[in-house]
Amino acid sequence: MEHTPTIRSTIETELKQRGYTFSSFSKISGINRGTFSTMLNSNPPKPISVRQMDLITKALGYPEGWLYELYINECFHEGKGHWKRIKPFLLRCVELERKECIQKVLSRLTEDLSYVSTVFEFAEELHEGGKENEAVPFYECVIENERYYHSERLAVSQYRLFSCSLNKDLENNRQQAIKFAPFRKNLPDNLQLDALLKLANAYFQLDDCGTVIQYAEELRILATNIYQQQLGEKLKSREVKPLNTERRLVVYYGQSFLLKGNAYEKQGLYQKALTFIPYYADLTGFEGLDDIGRIEAEKFKMWAKANKLNLEILMGETESLPAYVELLRNNPPEILHGLLTIVESANVYNYPIDEILTLFAEKIDKFKELNTNISYYHTNYNLITYSRFFLELSRYYFNTGAYLKAMDVMLKSFKASSQLNDKAYYIKSITLLFEKYKDHSTNGQREEYEKLLEEVQYNANQMIP
């Protein structure tokens, strides 16, 4: 029968092969001779700490993590988990990205389901320490082993994974939102505010306006209830507990109306969209605003003005163009979305905007850098707007006979859409547009189009299970 080495037998073998005594090795490792002796010779032997294991590894000249596979058994002496050893070991595994060791420890640890709460607390510590991605396997462990479907712990774990999973792939975001949504109401209020705003933003990017309105309404109700509770506490001269949220309460309240208006705008219901603007046009009287809250309220004031002009232009009121252009010049983060509105309107109502395009020509050239910060979260909203803008701009140029310009900007739209995995949109819109006008394209433009099309088809095939 083959002998399975233990961490102690491995250390002893190394010492013998190199001719070290406890005394001589103590000097090079920095571990007290007596302590080192009790680790190897006592009956039962004294547990080895993670720090001591790392000191031994360094003294023997091995790379960090050399003994980690063997140390797992040290964490489960006599089959029982010892959290005082497991926690520092997991922290080191996180630092060294030893994912296989983490999974083995979690698998053994959760043989006793009472440890699920401990794993959750550890994941939250990592998250609070800025290690969101590193916390993922621990939240996954909680989700896999949590016994109670309606537990807050499960809901928080699902929310953390949802937040980490959002990226520029729209289909991914759709699937992640569907997976998380059933757990949202089991979150504590502070996380539920953030979750509802992220869900609404995710579906806004997906053009699912009905779902945006649903989550925006849930956000309005929750934000209003919390606000009223805070006012009640203040009237009773009680201390108002601060919300541990990503944004100030005024943001969630204002965004609930702004998102609804934007959703109706996307559906072409411009008059309906206008009715939501007064609710966020002046939030400076919102109770409890601090300096940051006042800055946020001022943003809503600017957005209200911009959205009113935006809707007027979409309804063909070209007399609003000068005021809108001036607002865009004074608020650079709004330029990309604003120009999209202007080009859409020009295409619908057939009026020239060449002077406006010339005025913002330098900004348009820089849009490919996508540095404007339109969204509250690290999402792909800029990329979506970028794609839509250049598609609409290509239509404008086609309509005015500027075919080479039209092809160039249409290819920019195609590139952005392919990055978004936005299949339905670019297959229906961009490819049809290119095929309609391909006789006006250059050989280089056709080659670039074919290359992009191949990439799209390859990516689509990669996603088929």
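Quick note: residue numbers are just sequence positions, from 1.
- Tested against F286, the residues Y253, F300, Y252 include a single ring pair (Phe, Tyr, Trp, His ring centres under 6.0 Å) partner, Y253.
- Remark: Q176 CD to E171 CD distance equals 10.5 Å, nearest 0.5 Å.
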Mind running salt bridge (Lys or Arg N to Asp or Glu O under 4.0 Å) on R184 and E218 for me, showing each step along the way?
-> CA-CA 11 Å; R184 67 191 186 280; E218 288 185 26; 2.8 Å; yes
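- Residues F122 and F138 place their aromatic rings such that the two centres sit under 6.0 Å apart.
- Side-chain atoms of R294 come within 3.5 Å of backbone atoms of L289 as a donor-acceptor pair (strictly under, hydrogens ignored).
- We find the CG-NZ distance between D207 and K266 to be 3.5 Å, quoted to the nearest 0.5 Å.
- Taking the charged nitrogens against the carboxylate oxygens, K305 and E334 have no contact shorter than 4.0 Å, which rules out a salt bridge.
- Using a 4.0 Å cut-off between charged nitrogen and carboxylate oxygen, E312 and K308 count as a salt-bridge pair.
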Sequence neighbours left out, cut at 3.5 Å: what donor-acceptor pairs do the side chains of residues 100-107 make with other protein atoms?
residue: E100; atom: OE2; partner: R98; partner atom: NE; Å: 2.6
residue: E100; atom: OE2; partner: R98; partner atom: NH2; Å: 3.0
residue: K104; atom: NZ; partner: E69; partner atom: OE1; Å: 2.8

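- Across all their heavy atoms, P63 and T57 have their closest contact at O-CG2, 3.2 Å.
- I226 is listed as a side-chain neighbour of Q230, based on a closest heavy-atom distance under 4.5 Å.
- The one candidate from E140, E134, E124 that meets the salt bridge (charged side-chain N to carboxylate O under 4.0 Å, His left out) condition with R160 is E124.
- Of the possible polar contacts, one joining the Y115 side chain to the G81 backbone as a donor-acceptor pair under 3.5 Å is found.
- Here the CG-CZ distance, from D291 to R248, works out to 9.0 Å after rounding to the nearest 0.5 Å.
- How far CD of E265 is from CG of L314: 5.0 Å, rounded to the nearest 0.5 Å.
- Counting only distance, with no hydrogens or angles, the side chain of T10 and the backbone of T6 share a donor-acceptor pair below 3.5 Å.
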Please walk me through it: do K198 and E246 pass salt bridge (Lys or Arg N to Asp or Glu O under 4.0 Å)?
-> CA-CA 11 Å; K198 287 178 183 176; E246 294 181 21; 2.9 Å; yes
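- Other residues, nucleotides and ligands contribute at most 12 non-hydrogen atoms within 6.0 Å of the OH atom of Y279.
- Partner E64 forms a side chain to side chain contact (heavy atoms under 4.5 Å, CB included) with one of R92, K58, E95 and no other, that one being R92.
- If you look at F162 and F183, their ring centroids are not closer than 6.0 Å.
- Residues that satisfy the salt bridge (charged side-chain N to carboxylate O under 4.0 Å, His left out) test with E74, not counting sequence neighbours, are R8.
- Taking CG of N173 as the reference point, atom OG of S165 lies at 7.0 Å (rounded to 0.5 Å).
- Under a 3.5 Å cut-off, the side chain of S157 and the backbone N or O of I143 do not form any donor-acceptor pair.
- The pair R51-D54 does not meet the salt-bridge criterion, since no charged nitrogen lies less than 4.0 angstrom from a carboxylate oxygen.
- Annotation: Q267, atom CD; neighbour count of heavy atoms from other residues, nucleotides and ligands within 6.0 Å is above 12.
- Judged by distance alone, with hydrogens and angles left aside, the side-chain atoms of E146 form a donor-acceptor pair with the main-chain N or O of Y148 at under 3.5 Å.
- For an aromatic pair to be called close, the ring centres must be under 6.0 Å apart, and F276 with Y280 fails this.
- The SG atom of C75 sits 7.0 Å away from atom CG of L90, with the distance rounded to the nearest 0.5 Å.
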